[in-house]
*Asks:* 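Dropping the structure in here first, questions after.
Just so you know, ligand 1 is whichever comes first in the structure, and atom 1 is the first atom listed for that ligand.
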Amino acid sequence: MTHRITLIPGDGIGPEIADAMRRVVAAAGADIEWDVQDAGEHVIADEGTPLPARVLDSIRENRVAIKGPITTPVGYGFRSINVELRKQLDLYVNLRPALSIPGTGARYDDVDIVLFRENTEDLYAGIEFDKDSDGAAQLRALVAATGAGTIRDDAGISIKPISEYGTRRIMRAAMDYAIANNRRKVTIVHKANIMKHTDGLYLRVAREVAAEYAERAPHIEVEDFIVDATCMRLVIDPTTFDVLVCPNLFGDIVSDLCAGLVGGLGLAPGANIGDTAALFEPVHGSAPAMAGKDRANPTALILTAELMLRHIEQHTAADRLRTAVTNVIARGEALTYDLHRTRFGTTDGAVGTQAFADAIVAELT
Ligand code: NAD
């Protein structure tokens, strides 16, 4: 069945890696009709906003979208288009797998971690007050009046809300995923020893959800770990982890750490999933300094497309795509600059974005 998918190429390196991704997805035999929607910094001049309504309309209609990175513009009503898209579509799950690919030259070759990051709450909820604002003054007065503590007059303030509702649904998503994908363990990542009313609530509710699943999935071990200890253990031995479930900010940081364990941002795919729509995007940003130079690694977006193909149940194409990417990287004859440098210690002999994609397409045809 042909799937109509919204494609947002994005800013910076976005259009080049999106071209590479489209060619690989077609060669893998996926049955897709692209609904291309431009968004980002480069549409502001013509449309007055980086995120025109037509883009959201298209995602709402198609229910599945894939996007390249978008540069965060300064001063356009919302802080980040990426955060705004997740908010508007209530895409509460941010799924970030880190899976070793042989031949990347990464520090580890046996990482297989899937990170679930809550996408709508925590410090990323965007409730912030400039140090000189009336809101900050009112909050300072309120905090002082409650006797909870004092906030200096020259402090900006960000609010960290974590709800039972938000925690319950991200933990359920992680448990459901663990069951459906034969995973062995779910680790709840937190800092509940210090932030008792936010991370403490998160830990308590996540454990309650785990208890609901105990009968149905007794084979899945559930543990919890403080975020700092999690980072240390990830570096010492990443194989001790399987599925991680994190509040928003820790998830952002820990997922980059996991990307580093498997070879860097050029290899890290991601997905934002809600109950009515899913938006697939790599972890990395628009890498403006590399834009237009045919130097970016398209692997992260290509593996993001693999996640998308699995979501729409085109598993054969997804399997073919994964095998072709793995083979090309393992062979090491056509590697992008970042991969070549990590594996061979030099960029001499590296190939461009499109030549790398050509090698994957050749593997598929
Ligand atoms: P970045 O991810 O663009 O770059 C970080 C580093 O990784 C740079 O050295 C870059 O060259 C390298 N890199 C990133 N992607 C790569 C690839 N595919 N191949 C090879 N190297 C790659 O992060 P940044 O510089 O902090 O952000 C640049 C812009 O992107 C900012 O405006 C930021 O807000 C935006 N951003 C967007 C998203 C998104 O669209 N989801 C995510 C992160 C950042």
Side-chain angles (χ1 to χ4, degrees), residues 6-21 24 37-44 50-51 55 59 65-76 78-89 91 94-96 101 104-106 117 119 124 126 248-249 251-253 255-260 262-273 278-305 307-308 325 329 334-343 347 350-357 360:
T6 303
L7 168 63
I8 305 167
D11 291 315
I13 58 171
E16 316 163 46
I17 59 173
D19 279 353
M21 180 275 291
V24 170
Q37 296 286 339
D38 276 329
E41 202 177 40
H42 67 286
V43 307
I44 296 174
L51 184 59
V55 181
I59 301 174
I66 185 165
K67 69 177 270 295
I70 289 182
T71 300
T72 301
V74 180
Y76 273 90
F78 36 85
R79 293 179 313 152
S80 152
I81 298 157
N82 307 302
V83 173
E84 186 65 15
L85 276 166
R86 294 169 200 161
K87 223 188 237 180
Q88 288 282 337
L89 300 163
L91 305 172
N94 189 191
L95 177 72
R96 293 183 164 183
I101 301 176
T104 55
R117 169 190 177 203
N119 230 357
Y124 265 65
N248 199 321
L249 181 62
D252 189 45
I253 297 165
S255 62
D256 266 33
L257 198 167
C258 292
V262 298
L265 284 176
L267 296 163
N272 300 287
I273 302 169
L279 172 65
F280 294 81
E281 62 176 342
V283 173
H284 66 71
S286 56
M290 222 184 255
K293 295 186 174 153
D294 192 40
R295 276 207 161 219
N297 182 354
T299 305
L301 186 61
I302 292 170
L303 296 179
T304 296
L307 294 178
M308 180 199 75
V325 170
I329 293 178
L335 295 179
T336 48
Y337 290 77
D338 56 333
L339 290 173
H340 205 280
R341 192 186 307 109
T342 312
R343 179 151 168 196
T347 55
V351 303
T353 310
Q354 300 311 326
F356 175 75
I360 301 171

*Asks:* Using the side chain to side chain donor-acceptor pair (under 3.5 Å) criterion, which residues pair with Ser255? Sequence neighbours excluded.
*Replies:*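 Residues passing side chain to side chain donor-acceptor pair (under 3.5 Å) with Ser255: Arg96.
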
*Asks:* Report all protein residues having a heavy-atom distance below 4.0 Å to some atom of ligand 1; order the list by chain, then number.
*Replies:*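 Those residues closer than 4.0 Å to ligand 1 by some heavy atom are Ile13, Lys67, Pro69, Ile70, Thr71, Thr72, Asn82, Leu265, Glu281, Val283, His284, Gly285, Ser286, Ala287, Pro288, Met290, Ala296, Asn297, Asp338.
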
*Asks:* I'd like to check the salt bridge (charged side-chain N to carboxylate O under 4.0 Å, His left out) partners of Glu281; sequence neighbours left out, ordered by chain and number.
*Replies:*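 Checked Glu281 against salt bridge (charged side-chain N to carboxylate O under 4.0 Å, His left out); matches are Lys67, Arg86.
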
*Asks:* Does Asp11 reach the main-chain N or O of Glu41 with its side chain, forming a donor-acceptor pair under 3.5 Å?
*Replies:*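 At least one qualifying donor-acceptor pair exists.
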
*Asks:* Can you name the residues that form a ring pair (Phe, Tyr, Trp, His ring centres under 6.0 Å) with Phe280, not counting sequence neighbours?
*Replies:*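 Listed in chain order: His311.
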
*Asks:* How about Thr353 and Ile13: do any of their side-chain heavy atoms sit closer than 4.5 Å?
*Replies:*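 With C-beta onward as the side chain, the pair stays apart.
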
*Asks:* If you look at every heavy atom in Phe356 and Leu335, which pair is closest and at what distance?
*Replies:*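 Of all heavy-atom pairs spanning Phe356 and Leu335, the closest is CD1-CA, 4.3 Å.
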
